[in-house]
Number of protein chains: 2
Amino acid sequence: MKMSDRKRKILQIVVDEYINTAVPVSSKSIAEKHLTDVSSATVRNELASLEELGYLTQFHTSGGRVPSPQAYRFYIEELMEKGNLSEKDLDYIEKAFAGKSNDVEHLVRSVSKVISELTDYTSVGIGPHADEEKIRNIALLSCGDGNALLVIVTGARILRDSFIGIPEGMTDEDLDNASRVIAKLFEGKALSEVKDVEEEVLAEFGQYRQVMHEVIDALKSYTRPRDEDVVLTGAEKIFNHPEYDDIDNVKNFLTVISSKDKLAEIIGDENDEIQINVKIGSCDDKDVPEDCSVVTATYSAGGKSLGTYGVIGPIRMDYHKVITVLENVGKALEGIVGNKDNKDGKHGKDE
Amino acid sequence: MKMSDRKRKILQIVVDEYINTAVPVSSKSIAEKHLTDVSSATVRNELASLEELGYLTQFHTSGGRVPSPQAYRFYIEELMEKGNLSEKDLDYIEKAFAGKSNDVEHLVRSVSKVISELTDYTSVGIGPHADEEKIRNIALLSCGDGNALLVIVTGARILRDSFIGIPEGMTDEDLDNASRVIAKLFEGKALSEVKDVEEEVLAEFGQYRQVMHEVIDALKSYTRPRDEDVVLTGAEKIFNHPEYDDIDNVKNFLTVISSKDKLAEIIGDENDEIQINVKIGSCDDKDVPEDCSVVTATYSAGGKSLGTYGVIGPIRMDYHKVITVLENVGKALEGIVGNKDNKDGKHGKDE
DNA sequence: GTTAGCACTCTCATCTCATAAGTGCTAACG
DNA sequence: CGTTAGCACTTATGAGATGAGAGTGCTAAC
């Protein structure tokens, strides 16, 4: 069934108004402020009809109308008025990423911070899955105290390191050699492939089998997601939104965001097809609290994933602002990472 | 003025009772449950006197008594009944640290988690200051894309790394050489000394001065505390304590713990003399919220600092439990880190 | 020094009541 | 047939009012 233009208009007004004020919207206020050519009674009829269609709900008879999750979805897809960020905000993004250290952990932190600051919501970020990353460099460095440090760098500039126990009698030279052999064996391989070549590699190491075992275990452990890869910024921002004057909502919210596992699940199921993903209430994901929404974007540049980022906040979220911020941050990232890769490429040629 | 034994006893009862129940303590309940040989009127007189001495306060005339910060302090120093953890808790600590990866970041995370789990309060941890750490290993690894990875390991097993831009024309061999030179120059030096030798070192590098500049900048940056070194665990635990049924308290608390800077300041001013440090309300530290207490312990083993850890929670905190947990965690850490160093020592000799 | 007794204070939950906001329905209008 | 004015109905909200309960301070007697 096609919705009449007037219904669409009214629905848009209700959602806009509710997002801005957090107050249920009445027929009177619509007729007075936005649709001056009809009476409140007419609006009332339309509202009743929209309620029947499932777009609006009432807390109680005399409480005005509030959008349903379905209304928010429709709003995002068809009603929301597009428009870009202010100069100030664009500038802020620009400056935030200028001259940033370029490993993934720092990137995740600054992206998350920027998103939280600009949207005024709590932001969540998670770096790219190490899983399918190719090992670009791997080295074993002597620590001189019975341990060596295993360091790897992946294509997407993810860093991982572990201490590896060194057997008595293994000299620094031995270690250097082992390091070179390991580099030959693993560079260019994806972390997920390590387990496939395990047997083969171990066979090559007669003498220092034990070391190799530890190295392989470490590499395998890098494919597992880590709590510390999930970054949360601006938890306190929820207090800027009136739904969190209520202690139970706060409790609920804080419990969810305290569990990095849960957070990773909520923002983590990457759907590369969709750039921006909106989950409204628990309809779309049972791990999202009923009264919350989660908007995420998965970024990539030059074919490399840069992770998934988003905001979590009240279902009455400023979707337009949030989506616009996510889009612009994405563009900015593409810009700087793209440029950097060009520069790198040049270097490569010259060498 | 010396306090009478009965006053001490009554004060102890009030603090114990209030810590357990969160309900202001009345003269009647004391006389009935704990001091059956005197009447409530007698207790009443003593309570009035303790109030005059500054140990107790009342919210309102008919509200029973509540300990003042001064009372908590006195309680901790003189009244609190000592006693160790349950077998179960001791076991938990034991198991938690067994077979843990041994770099500092992971250690900080698990220590903080253990403390939060056992105490049921929000826990904060911060690793040792990198500032005075000696560089044990330093290496520059080629990444083959116009960047190199600078990695350092310090005496206390702190890891730091940065990407360093490599000028066109610098080959992998050049890099290897540079890495060796850098190792010779910096190994054994404290990070805080780097700035002192800056000029001297730069003089040695004619050709790759720029690289060296970046290396030194990176090293200098490692002395600065980083947000990510402050670890927070169990923020949601505050909801287990009734003072945080009140939204304003939650807001206050969450705002403080959201700022890593603030947290670092609160738990950070290390006083090596004192093993366990208790800050009660804002009397002892203006950054601590009025209704909160912070108990911290600074750990070290084998002469190396292991960081500062603690809990932050309501001023009505189970100080005995918290202090006992912190003490036992300290002992456990000494145990495992001590052992590990012995083992390392042996290796050293054998090599 | 201790205690019983009692007046006093303050909180808290409950109830009532009036007000305000908003709706749904009906009947009239163009 | 869509639109509108009018009105009865529902519900939240905030302001008293009230009574019970808890705890204290004080006084006088032991």
Side-chain angles (χ1 to χ4, degrees), chain A residues 1-11 13-15 17-18 21-68 71 242-243 245-248, chain B residues 1-11 13-15 17-18 21-68 71 242-243 245-246:
Chain A
M1 177 202 139
K2 171 100 178 62
M3 205 186 288
S4 78
D5 279 358
R6 193 168 66 187
K7 274 204 183 56
R8 292 171 63 99
K9 177 83 184 158
I10 288 177
L11 186 53
I13 292 168
V14 173
V15 179
E17 195 72 12
Y18 188 61
T21 63
V23 176
V25 186
S26 74
S27 56
K28 200 175 146 212
S29 74
I30 295 176
E32 278 177 3
K33 282 192 242 161
H34 301 99
L35 282 184
T36 40
D37 53 335
V38 294
S39 77
S40 71
T42 309
V43 176
R44 211 140 53 228
N45 288 331
E46 296 283 48
L47 288 177
S49 163
L50 281 166
E51 183 166 350
E52 214 165 309
L53 291 169
Y55 290 103
L56 299 176
T57 52
Q58 293 176 282
F59 287 136
H60 44 263
T61 332
S62 80
R65 255 88 174 194
V66 161
S68 69
E243 22 277 274
D245 288 348
D246 178 59
I247 188 80
D248 288 324
Chain B
M1 177 201 138
K2 171 102 179 61
M3 205 185 287
S4 78
D5 278 358
R6 193 168 67 187
K7 276 205 181 56
R8 291 171 65 98
K9 177 81 182 158
I10 288 177
L11 185 52
I13 292 168
V14 172
V15 179
E17 195 72 12
Y18 187 62
T21 64
V23 175
V25 185
S26 75
S27 56
K28 200 175 147 213
S29 73
I30 295 175
E32 278 177 3
K33 282 192 242 162
H34 301 98
L35 281 184
T36 40
D37 53 334
V38 294
S39 76
S40 72
T42 309
V43 176
R44 210 140 54 228
N45 288 332
E46 295 284 47
L47 289 177
S49 163
L50 282 166
E51 183 165 350
E52 215 165 309
L53 291 169
Y55 290 105
L56 299 177
T57 52
Q58 292 176 282
F59 288 134
H60 44 264
T61 333
S62 81
R65 255 87 173 195
V66 161
S68 70
E243 22 275 275
D245 287 350
D246 179 58

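Each chain gets a letter, A, B and so on, in the order its sequence line appears, and its residues count up from 1.
With distances taken from any side-chain atom of A:Ala48 to the nucleotides D:dT3, D:dT4, C:dG24, the minimum falls on C:dG24. Taking only side-chain atoms of B:Thr42, from C-beta outward, the nucleotide of C:dT3, D:dT11, C:dC10 with the closest atom is C:dT3. Closest approach to the A:Ser62 side chain among D:dG23, D:dT3, C:dA21 is made by C:dA21 (side chain taken as heavy atoms from C-beta onward).
Between B:Glu52 atom CD and D:dT24 atom P the separation is 16 Å, expressed in whole Å. Rounding to whole angstrom units, CD of residue A:Glu46 and P of D:dG2 are separated by 10 Å. What separates CG of A:Asn45 from P of C:dA27 is a distance of 15 Å, to the nearest Å. Whole-Å rounding puts the B:His60 NE2 to D:dT24 C1' distance at 11 Å. One atom, CG of A:Leu47, and another, C1' of D:dT4, lie 15 Å apart when rounded to the nearest Å. Here the P atom of nucleotide C:dG22 and the CG atom of A:Leu56 are 15 Å apart, to the nearest Å. Distance NZ (B:Lys28) to P (C:dG5): 14 Å, rounded to an integer number of Å. In this structure, CD of A:Gln58 is placed 13 Å from C1' of D:dA12, rounded to the nearest angstrom.
Separation of atoms CD1 (B:Ile13) and NE2 (B:His34) is listed at 5.5 Å; rounding is to 0.5 Å.
Counting heavy atoms from C-beta on, the side chains of A:Thr42 and A:Arg6 come closer than 4.5 Å. Side chains of B:Pro67 and B:Tyr55 form no contact here, defined as non-hydrogen atoms less than 4.5 Å apart. The side-chain heavy atoms of A:Glu46 and A:Ile30, taken from C-beta on, include no pair separated by under 4.5 Å.
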List the steps and the verdict of side-chain contact (heavy atoms from CB on, under 4.5 Å) for A:Val14 and A:Leu50. CA-CA 11 Å; A:Val14 173; A:Leu50 281 166; 5.8 Å; no

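With hydrogens and angles left out, the side chain of B:Arg44 and the base of C:dG5 share a donor-acceptor pair within 3.5 Å. Residue side chain B:Thr61 does not reach the base of C:dT9 through any donor-acceptor N/O pair under 3.5 Å, judged by distance alone.
Put simply, A:Ser26 has no side-chain N or O that comes within less than 4.0 Å of OP1 or OP2 on C:dA21. A sub-4.0 Å separation between OP1 or OP2 of D:dT4 and a side-chain N or O of A:Ser39 is present. The shortest distance between the side-chain N/O atoms of A:Arg65 and the OP1/OP2 oxygens of C:dG22 is not below 4.0 Å.
The nucleotide C:dC6 finds its pairing partner in D:dG25, both defining distances of the Watson-Crick or G-U wobble pair being shorter than 3.5 Å. Base pairing of D:dC30: its partner is C:dG1, meeting the Watson-Crick or G-U wobble criterion (both donor-acceptor distances under 3.5 Å). Of all nucleotides present, only D:dA12 satisfies the Watson-Crick or G-U wobble test against C:dT19, with each distance under 3.5 Å.
Between A:Val38 and B:Ser27, the residue anchored closer to the 5' end of DNA chain D is A:Val38, taking for each the nucleotide with the nearest heavy atom.
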